[in-house]
2 protein chains.
Amino acid sequence: MSSTPHRVAGRPAKPILTQQRIVEAAFSLLDEGGAEDFSMGKLARSLGVRTPALYNHVDNRQHLINLMRRDMIRSIDQSLIAVLPWPEALFHFGQLFRDALLRVPAAVELIVATPITEESESGLIYEELGGILRRAGVAVPRILMIMIAFESLVVGAALDIVAPGAHVAVVPEGNSAARETRHVEVLELGGKFARQARSTVSEQSFDFGLRAIIAAVEREVGQRDHGGM
Amino acid sequence: MSSTPHRVAGRPAKPILTQQRIVEAAFSLLDEGGAEDFSMGKLARSLGVRTPALYNHVDNRQHLINLMRRDMIRSIDQSLIAVLPWPEALFHFGQLFRDALLRVPAAVELIVATPITEESESGLIYEELGGILRRAGVAVPRILMIMIAFESLVVGAALDIVAPGAHVAVVPEGNSAARETRHVEVLELGGKFARQARSTVSEQSFDFGLRAIIAAVEREVGQRDHGGM
DNA sequence: ACTCCTAAATGAATGGTGTTAATTATCGTT
DNA sequence: AACGATAATTAACACCATTCATTTAGGAGT
């Protein structure tokens with residue numbers, strides 16, 4: 001896109017770049033070429049511009065990735081959360097969070113591997129989560145801990161879906177011939193189910209984990225409610 | 001370490017490098033300088049050797065990182081897993097896994113960001129784990145799903161370890177409009193708590209998630225046992 | 001003991017990366 | 001109209017992973 005007709009040096013008559021345009025182009029580039037092919041140079045090219053031009057609108061690569069993270073987080077629709085009962089709200093929020101991450105799968109790899117900075121506004125997630133847990137009646141000192149457990153699961157699950165088994169350790173997936181032979185026994189266990197619909201398994205396992213955490217929270221507040229106070 | 005006394009070209013009299021030596025030096029380098037400072041060049045220097053020498057023992061950077069991953073996974077002691085009752089085994093295993101990750105935090109960052117290859121041997125662990133779940137009486141099609149949920153949590157927790165700044169920097173001064181929503185109070189509390197004992201929170205949240213999943217599995221097999229297979 | 005293949009180091013070179021500096025042209029303001 | 005800030009360019013830098021050609025040593029076979 002965006003031809004490169006040997007534009008002359010100097011400020012252009014009509015503005016070419018915007019921070020937002022850059023962020024959007026970054027998402028597109030990731031979507032097309034995957035995380036492997038992502039670079040400032042390629043990004044600039046896709047915008048019909050030379051690389052250093054980007055640095056007028058973005059501090060550096062890390063900053064850019066955090067801006068992508070911010071966009072992702074902002075894209076989470078929070079309207080339903082306040083009106084749902086807290087267990088459903090928690091489940092719903094988990095789903096939305098994961099879906100937001102999965103909207104641009106290749107971006108997840110980058111985002112996850114890049115240190116978080118202020119402008120990512122990732123605090124929004126904790127505000128929302130914290131609100132739900134507080135509403136559930138979770139003791140204040142426990143809230144942060146549960147939020148992190150929750151987020152760990154969501155992010156981990158997203159990574160698992162994006163690049164199944166491709167990280168810390170492997171759960172057999174079975175589309176690679178080599179892996180198939182090596183993990184026969186385990187695959188045997190999962191059987192045709194695994195081979196047939198790996199992504200479905202990923203989703204189900206995410207739901208499983210989500211419900212497990214919600215149940216644990218329910219037990220916790222239940223105990224506390226019955227116990228004292 | 002390992003002086004660089006202008007060694008002359010050609011095969012050395014006594015062997016200098018080994019794949020294992022390289023892997024160990026890689027861990028050290030990561031431990032000292034963090035993932036940011038890790039490069040083949042620095043690694044070579046730390047071994048008193050020129051960069052291309054590494055490539056006689058290691059295919060490339062990705063291969064090396066996968067060797068580190070293998071070492072990390074191998075360091076998990078599985079001897080207790082077979083003898084413990086399955087819920088304890090599961091919890092124990094989760095702990096060991098997390099500890100292995102914590103032993104080399106900087107390496108986790110690399111490992112998570114690098115696609116897996118054959119030599120990681122990470123499947124071995126999950127064969128063990130699958131066996132445990134089957135012995136626990138988990139329905140076969142559910143085993144893979146539970147293992148994936150388990151891994152999601154582990155991966156997510158690993159990422160939490162890697163990027164701990166994420167949660168601390170939640171509520172600075174309310175200069176951003178987006179931040180002044182209605183849940184500030186909770187975060188205020190969480191923020192203080194986080195700053196005070198961050199690593200403890202990470203560990204506790206991991207345990208919480210682990211127990212939540214184990215409890216869910218227990219409920220599942222319990223139901224099945226009562227309900228009648 | 002000589003020959004020859006292979007293994008393991010070096011040095012030089014390549015193509016890529018993120019980033020900075022200097023230059024130029026245009027916008028918006030005084 | 002002058003001028004500083006803005007936003008593009010080109011040029012350059014340091015680094016990085018990797019490859020190639022060269023050099024030296026070990027080991028196997030005669």
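The analysis underlying the following values was restricted to heavy atoms, covering all of them including side chains, and did not include hydrogens, waters or symmetry mates. Proteins get letters first, then strands, A, B, ... in listed order; numbering begins at 1 in each.
- Listed by chain and number, the residues in a salt bridge (charged side-chain N to carboxylate O under 4.0 Å, His left out) with B/D207 are B/R98 (sequence neighbours excluded).
- As rounded to whole Å, 12 Å separates atom P of D/dC16 from atom CG of B/L43.
- In this view, A/S79 and A/D77 satisfy the side chain to side chain donor-acceptor pair (under 3.5 Å) rule, not counting sequence neighbours.
- Straight-line distance from the CD atom of B/E36 to the C1' atom of D/dC16: 13 Å, rounded to whole Å.
- Residues of residues 64-72 of chain A having a heavy atom closer than 4.0 Å to DNA chain D: none are found.
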Discussion item. For a quick check, with a 4.0 angstrom heavy-atom cut-off, what is the B/S/- contact string for nucleotides 11-17 of chain C, read 5' to 3'?
Written reply: BB----S
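- Regarding B/N56, its CG atom lies at a distance of 16 Å from the P atom of D/dT24, rounded to whole Å.
- Take A/D31 and apply the side chain to side chain donor-acceptor pair (under 3.5 Å) test, not counting sequence neighbours, and it matches no residue.
- The salt bridge (charged side-chain N to carboxylate O under 4.0 Å, His left out) contacts involving residues 56-72 of chain A comprise nothing, where partners must be two or more places apart or lie in separate chains.
- Considering only residues two or more places apart in sequence or on other chains, A/S205 meets the side chain to side chain donor-acceptor pair (under 3.5 Å) condition with none of them.
- As a whole-Å value, the separation of B/H63 NE2 from D/dT18 C1' is 15 Å.
- The side-chain contact (heavy atoms from CB on, under 4.5 Å) check on A/L29 picks up A/F38, A/K42, A/L43, with sequence neighbours excluded.
- Considering only residues two or more places apart in sequence or on other chains, B/L80 meets the side-chain contact (heavy atoms from CB on, under 4.5 Å) condition with B/V83, B/L84, B/H92.
- Counting only distance, with no hydrogens or angles, the side chain of B/R7 and the backbone of B/V49 share no donor-acceptor pair below 3.5 Å.
- Across residues 10-20 of chain A, A/G10, A/R11, A/P12, A/I16, A/L17 each have a non-hydrogen atom less than 4.0 Å from an atom of DNA chain D (numbered order).
- Contact check, B/H57 against C/dA7: no side-chain N or O comes under 4.0 Å of OP1 or OP2.
- Listed nucleotides C/dA8, D/dA17, D/dA7 differ in distance to B/Y55; the shortest reach to its side chain belongs to D/dA17.
- By the side-chain contact (heavy atoms from CB on, under 4.5 Å) test, A/A100 is found to be paired with A/S75, A/I76, A/R103, residues two or more places apart in sequence or in another chain being considered.
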Practice prompt. Applying ring pair (Phe, Tyr, Trp, His ring centres under 6.0 Å), run through B/F93 and B/F150 and close with a yes or a no.
Written response: CA-CA 11 Å; B/F93 177 63; B/F150 184 88; 5.6 Å; yes
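- Partners of A/F208 under the ring pair (Phe, Tyr, Trp, His ring centres under 6.0 Å) rule, at least two apart in sequence or in another chain, do not exist in this structure.
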